[in-house]
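If you scroll down you'll find the structure; I have some questions about it.
Keep in mind that what you see is a predicted model, and the values were worked out from it rather than measured. Residue numbers begin at 1 in each chain, while the letters A, B, ... track the order of the sequences.
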There are 2 protein chains.
Amino acid sequence: MASDPKATRNPMTEIGLDVLEDTLSFYIRSLNMAVSRDLDQSLEGLDVARGTGKITTLLLVDRHPGIRPSVIAQMILKDRSAMGRLLEQMEEHGLLTREVSSDDNRAQALYITGKGRELADRIRPIITRQSRDFFSDITDEEHAMLIRVLGRTYRRVVGLEPNDEA
Amino acid sequence: MASDPKATRNPMTEIGLDVLEDTLSFYIRSLNMAVSRDLDQSLEGLDVARGTGKITTLLLVDRHPGIRPSVIAQMILKDRSAMGRLLEQMEEHGLLTREVSSDDNRAQALYITGKGRELADRIRPIITRQSRDFFSDITDEEHAMLIRVLGRTYRRVVGLEPNDEA
DNA sequence: GCCCATTAGTGGACTTATGCAACTATTATT
DNA sequence: AATAATAGTTGCATAAGTCCACTAATGGGC
């Protein structure tokens, strides 16, 4: 490494990250920025770009007609006010409608529109493709492992405990 | 699962995530929000909390005296303007100083202050601890694997190619 | 039926982050 | 000497996230 001429080319090659080098949160946070930017580019102009939550919301509403905002909010880790603003925006774009839930007059029931469904169908392949491309240096085995482990953590964090809990 | 009484308790238990369930970027983005919030709490009041980059910057400057802003910017995935604002903030807080580089009068050389070093020493254990606690349901083997795979991707993204590249 | 705690959603204000583009100063190229 | 490239700064516009208070509706206990 010391004899590699390329090592002196990029100053970063030699730069240690201190304790961050072994800190998972660091990589999650850093890769988040990178992957989110890349995703925004892949979705450019599709009024589901920018920010977190629109994609998940669209797909959840498509797949679960009548789903309630608070349920989505929990899954995308937003508070109710942020969720409300998101829905307001998406409703303005004509992607979904908000009706009063028949079960509970406080709650809303969300339904996708034709335009929303079209968009959902359109972005599904883009999303999966983008993730695979971005993490292209990861093998299939590693990928499966990451999904399994991170998915487990996600479910725990979001309150969908796979383990014991009252 | 269908017979589990708990399944009906939390409405989310039954909710599928569509294609996101197998999409790595989704988990990275979601966990980022969760782990960042948790980290902010762990660092509350330590004027290195909130936002990305301050921690990395502090540790890099501590470990690499005279390092240049543009190098850090590349590693924390910020553009120069964002980096400048970050440094301005940290300088105001008395964590580091900015001097003109002796090599290149355009560039700056960053040095940590006594206060900065104290803070660095103080947060190092907090950061590693927080990450481990947050991902407490991950085994040591899984953790090593994640660090290895995500670290590789991080290095590629950041321009520190571990593979062939001109 | 009546109180009280809880939950769902809304709205406002505040702080931050992000992105882009223009600008100066310095260095490298040729 | 002229031109291009790089380092950093500044301003601005857009958007996100955070907090807190507020209304409306539900549910439980009495």
Side-chain angles (χ1 to χ4, degrees), chain A residues 9-11 29-30 32-41 44 47-57 66-74 76-93 96-110 159, chain B residues 9-12 29-30 32-41 43-44 47-54 57 66-74 76-93 96-110 159:
Chain A
R9 186 101 134 276
N10 188 338
R29 282 156 57 90
S30 299
N32 167 66
M33 298 187 68
V35 79
S36 293
R37 265 180 228 166
D38 188 65
L39 181 60
D40 280 344
Q41 286 196 328
E44 199 174 333
D47 72 38
V48 85
R50 304 260 155 211
T52 341
K54 296 197 211 50
I55 297 170
T56 309
T57 300
I67 193 172
R68 288 152 49 149
S70 56
V71 174
I72 301 178
Q74 197 180 349
I76 64 177
L77 299 165
K78 285 194 190 289
D79 67 352
R80 289 192 307 278
S81 63
M83 189 72 230
R85 281 183 253 269
L86 200 64
L87 291 172
E88 187 183 334
Q89 193 186 138
M90 295 180 73
E91 194 177 30
E92 279 175 10
H93 285 288
L96 50 81
T97 60
R98 292 191 272 187
E99 303 179 7
V100 175
S101 170
S102 52
D103 300 9
D104 186 337
N105 285 323
R106 296 173 294 185
Q108 298 175 345
L110 304 175
Chain B
R9 185 101 135 277
N10 188 339
M12 221 177 343
R29 281 156 57 89
S30 299
N32 167 65
M33 298 187 66
V35 79
S36 293
R37 263 179 228 165
D38 190 63
L39 181 59
D40 280 344
Q41 286 196 326
L43 296 173
E44 200 175 332
D47 70 40
V48 87
R50 302 260 155 211
T52 341
K54 296 197 211 50
T57 300
I67 193 172
R68 287 152 50 149
S70 57
V71 174
I72 301 177
Q74 197 180 349
I76 65 177
L77 299 166
K78 286 195 189 287
D79 67 351
R80 290 193 306 279
S81 63
M83 188 73 231
R85 281 182 253 267
L86 200 64
L87 291 172
E88 187 185 333
Q89 193 187 136
M90 294 180 74
E91 195 178 28
E92 279 174 9
H93 285 290
L96 51 81
T97 60
R98 291 192 273 188
E99 303 179 9
V100 176
S101 170
S102 50
D103 300 9
D104 187 336
N105 284 322
R106 295 173 292 187
Q108 297 174 345
L110 304 176

_Value in whole Å for how far the P atom of D:dG17 lies from CG of B:Asn32_ = 10 Å
*Take A:Thr57 and A:Met83 through the side chain to side chain contact (heavy atoms under 4.5 Å, CB included) test and state the conclusion after the steps.*
CA-CA 9 Å; A:Thr57 300; A:Met83 189 72 230; 3.6 Å; yes
_Return whichever of A:Gly51 or B:Arg50 has its heavy-atom-nearest nucleotide of DNA chain D closer to the 5' end._
A:Gly51
_Atom-to-atom span, CZ of B:Arg37 to P of D:dA16 - whole angstrom_ = 15 Å
*Report the nucleotide, chosen from D:dA16, C:dT10, D:dT26, that has the shortest atom-to-atom distance to any side-chain atom of A:Gln89.*
D:dA16
*Between the base of C:dG19 and the side chain of B:Arg85, is there a donor-acceptor distance below 3.5 Å?*
yes
Sort me out a list of protein N/O and nucleotides 1-8 of chain C N/O pairs below 3.5 Å, or just none if empty.
residue : atom : partner  : partner atom : Å
C:dT7   : O2   : A:Arg106 : NH1          : 2.7

*Starting at CE of A:Met83 and ending at C1' of D:dT18, how long is that distance when rounded to a whole Å?*
17 Å
*Please check the phosphate of C:dT27 (OP1 and OP2 only) for any side-chain N or O of B:Asn105 closer than 4.0 Å.*
yes
_Spacing of B:Lys78 atom NZ relative to D:dG8 atom P, expressed in whole Å_ = 16 Å
*In whole Å, what is the span from the CG atom of B:Asp79 to the P atom of C:dA17?*
13 Å
_Give me each pair satisfying side-chain hydrogen bond (donor to acceptor under 3.5 Å, both in side chains) with a member in residues 78-87 of chain B, each pair once, sequence neighbours excluded._
B:Asp79-B:Ser81
*Rounded distance [0.5 Å steps], CZ in A:Arg37 versus CG in A:Asn32*: 9.5 Å
*First encountered from the 5' end of DNA chain C, between A:Glu88 and B:Ala49*: A:Glu88
*Distance from A:Ile72 atom CD1 to A:Leu87 atom CG, nearest 0.5 Å?*
6.0 Å
*What's the verdict on side chain to side chain contact (heavy atoms under 4.5 Å, CB included) for A:Leu86 and A:Ile76, showing C-alpha distance, side-chain angles and the deciding distance?*
CA-CA 11 Å; A:Leu86 200 64; A:Ile76 64 177; 3.9 Å; yes
*A:Ile55 has an atom CD1; how far is it from atom P of D:dA16, in whole Å?*
12 Å
*Using atom CD1 of B:Ile76 as one end and atom P of C:dA17 as the other, report the distance to the nearest whole Å.*
11 Å
*Just wondering, are more than 12 heavy atoms of other shown residues or ligands nearer than 6.0 Å to CD in B:Glu99?*
yes
*What does B:Ser101 touch in the nucleic acid at a heavy-atom separation under 4.0 angstrom: a base, only the sugar-phosphate, or nothing?*
nothing
*Is there a side chain to side chain contact (heavy atoms under 4.5 Å, CB included) between A:Gln108 and A:Val100 once you walk through the steps?*
CA-CA 4 Å; A:Gln108 298 175 345; A:Val100 175; 6.0 Å; no
*Given atom CG of A:Asp40 and atom P of C:dC20, what is their separation to the nearest angstrom?*
10 Å
